[in-house]
Amino acid sequence: QVQLVESGGGLVQAGGSLRLSCAASGRTFTAYPMGWFRQAPGKEREFVAGIKWISGGTYYEDSVKGRFTISRDNAKNTVYLQMNTLKPEDTAVYYCAASYDTTWRRFASWGQGTQVTVSS
């Protein structure tokens with residue numbers, strides 16, 4: 001079983017930056033691609049970015065390309081989401097997830113979520 005704990009959310013002005021962290025633990029967490037998702041009020045949860053532990057291959061949703069960067073530190077068992085040039089529409093609860101594959105539709109585990117609020 002994989003356990004995930006997010007941190008790093010907060011309030012930031014438009015144009016600012018935040019870095020989210022997702023610490024993973026469990027016997028086989030490196031077997032799972034890791035994804036960041038977000039859910040804004042009244043909207044469905046959506047994929048933001050993903051990464052593979054071993055190869056480091058990355059995936060991004062179109063609206064965040066060039067602004068967000070996903071990375072991982074294998075020594076620290078942590079996945080990061082660096083968010084730059086934040087916009088009010090990025091406001092959401094952000095979750096990390098261990099996915100069974102890179103279709104990002106079936107999940108082994110979710111974190112508890114961290115709130116990101118971008119003021120205009």
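Everything numeric in this text was worked out from a predicted model, so none of it was measured.
- Cluster annotation: Phe107 and Tyr94 are assigned to distinct hydrophobic clusters (Ile/Leu/Val/Met/Phe/Trp/Tyr, side-chain heavy-atom contacts under 4.5 Å, transitive).
- The distance from atom CD of Glu6 to atom OH of Tyr95, rounded to the nearest 0.5 Å, is 8.5 Å.
- By the 4.0 Å N-to-carboxylate-O rule, Asp62 lies close enough to Lys65 to be salt-bridged with it.
- The shortest non-hydrogen separation linking Ser109 to Val2 is OG-O, 2.8 Å.
- Rounded to the nearest 0.5 angstrom, Arg38 CZ and Arg45 CZ are separated by 13.0 Å.
- Using a 4.5 Å heavy-atom threshold, the side chains of Met83 and Val116 count as touching.
- Contact record, Ala14 with Ser120: CB-CA, 4.3 Å, taken as the closest heavy-atom pair.
- Using cut-offs of 30° and 60° for the angle between ring planes, the Trp104 and Phe37 rings count as perpendicular.
- Looking at every heavy atom in both residues, Ile54 comes nearest to Arg72 through O-NH2, 3.2 Å.
- Proximity of Phe29 to Gln3: side-chain heavy atoms (C-beta onward) are nowhere separated by under 4.5 Å.
- Aromatic ring centres of Tyr100 and Tyr32: separated by under 6.0 Å.
- Two residues are said to be in side-chain contact when any heavy atoms from C-beta on lie closer than 4.5 Å; Asp101 and Arg106 meet this criterion.
- Within the model, atoms CZ of Arg19 and CG of Leu81 stand 10.5 Å from one another, a figure rounded to the nearest 0.5 Å.
- Considering all non-hydrogen atoms of both residues, Tyr60 and Thr69 come closest at OH-CA, 3.3 Å.
- For the atom pair CZ (Arg67) and CG (Leu86), the distance works out to 6.5 Å, reported to the nearest 0.5 Å.
- The NZ atom of Lys87 sits 7.5 Å away from atom OG of Ser63, with the distance rounded to the nearest 0.5 Å.
- Closest approach of Thr91 and Ala40 over heavy atoms only: O-CB, 3.6 Å.
- Residue Phe68 holds its CZ atom at 14.5 Å from OG1 of Thr58, rounded to the nearest 0.5 Å.
- Under the 4.5 Å side-chain heavy-atom criterion for grouping Ile, Leu, Val, Met, Phe, Trp and Tyr, Val48 is not connected to Tyr80 through any hydrophobic cluster.
- A continuous path of Ile, Leu, Val, Met, Phe, Trp and Tyr side chains, each step under 4.5 Å between heavy atoms, connects Trp36 with Val12, placing both in one hydrophobic cluster.
- A chain of hydrophobic side-chain contacts below 4.5 Å, direct or via other Ile, Leu, Val, Met, Phe, Trp or Tyr residues, connects Val79 to Leu4.
- By the criterion of side-chain heavy atoms lying less than 4.5 angstrom apart, applied directly or through intervening Ile, Leu, Val, Met, Phe, Trp or Tyr residues, Phe47 is not grouped with Ile70; the two fall into different hydrophobic clusters.
- Taking all atoms of both residues into account, the shortest heavy-atom contact from Ser17 to Gln82 is CB-NE2, 3.9 Å.
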